[in-house]
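Notes to accompany the following structure.
The residues of the chain are indexed from 1 along the displayed sequence.
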Amino acid sequence: MCGDGLGKLQFHRFATRNRIALDQMLLALQAYKARHGAYPASVEELKTKLGWKLPKDPFSEKDFVYRRRDKGFILYSVGPDMKDDG
């Protein structure tokens, strides 16, 4: 297999891991809201108050980008370019 094909396989592997990790984060956020009545102010608060081990962004190996907004939130990965472009 050529290097280009390997790159595509690696990208799809990371993308799949990313989707699963984001789904786990969404479940944790819903559990937090069910227990506390609102979403947390930060990922750190989510981890601390739930006591769960939460996944990291597979691309950056850091916490996912999370921002609470009004009654909801924004949650995303920096993606393969490793840039937080909002």
Checklist entry - At their closest point, which heavy atom of Glu45 faces which heavy atom of Ala41, and how far apart are they? => result OE1-N, 3.1 Å
Item to check | Partner set under salt bridge (Lys or Arg N to Asp or Glu O under 4.0 Å) for Arg67, not counting sequence neighbours | outcome: Asp84
Checklist entry - Quick one: does Pro40's side chain get under 4.5 Å of Leu50's, heavy atoms only? => result no
Checklist entry - With a 4.5 Å heavy-atom cut-off, do Tyr76 and Asp57 have their side chains touching? => result no
Item to check | Centroid separation Tyr32 to Tyr39 less than 6.0 Å | outcome: no
Item to check | Arg17 to Phe14, cation-pi by 6.0 Å centre distance and 45° axis angle | outcome: yes
Next on the checklist: Please tell me whether Phe64 and Phe59 are part of a single hydrophobic cluster in this structure, the criterion being side-chain heavy atoms less than 4.5 Å apart.
Outcome noted: no
Checklist entry - Under the side-chain contact (heavy atoms from CB on, under 4.5 Å) criterion, do Val65 and Val78 qualify, and how do the steps go? => result CA-CA 7 Å; Val65 179; Val78 294; 4.2 Å; yes
Item to check | Qualifying residues under salt bridge (Lys or Arg N to Asp or Glu O under 4.0 Å), relative to Lys62, sequence neighbours excluded | outcome: none
Item to check | Residues which pass salt bridge (Lys or Arg N to Asp or Glu O under 4.0 Å) with Arg19, listed by chain and number, not counting sequence neighbours | outcome: Asp23
Checklist entry - Do Arg68 and Ile74 pass the side-chain contact (heavy atoms from CB on, under 4.5 Å) test, and can you show the C-alpha distance, the side-chain angles, and the key distance before you say yes or no? => result CA-CA 6 Å; Arg68 188 169 59 184; Ile74 295 171; over 6 Å; no
Checklist entry - Roughly how far apart are Lys71 NZ and Lys33 NZ, rounded to 0.5 Å? => result 8.5 Å
Checklist entry - Do Leu26 and Leu54 belong together in a cluster built from hydrophobic side chains that touch within less than 4.5 Å? => result yes
Next on the checklist: How long is the straight-line distance from CG of Asp63 back to OG of Ser77, given to the nearest 0.5 Å?
Outcome noted: 12.0 Å
Checklist entry - Which heavy-atom pair separates Pro55 from Ala21 by the least distance, and what is that distance? => result CG-O, 3.5 Å
Checklist entry - Do Leu22 and Val43 belong together in a cluster built from hydrophobic side chains that touch within less than 4.5 Å? => result yes
Next on the checklist: Give me the atom names and distance for the closest heavy-atom approach of Ala28 to Trp52.
Outcome noted: CA-CZ3, 3.5 Å
Checklist entry - Atom OH in Tyr66, atom CG in Leu75: separation rounded to 0.5 Å? => result 8.5 Å
Checklist outcome for this item: In this structure, CZ of Arg35 is separated from NZ of Lys49 (nearest 0.5 Å) by 12.0 Å
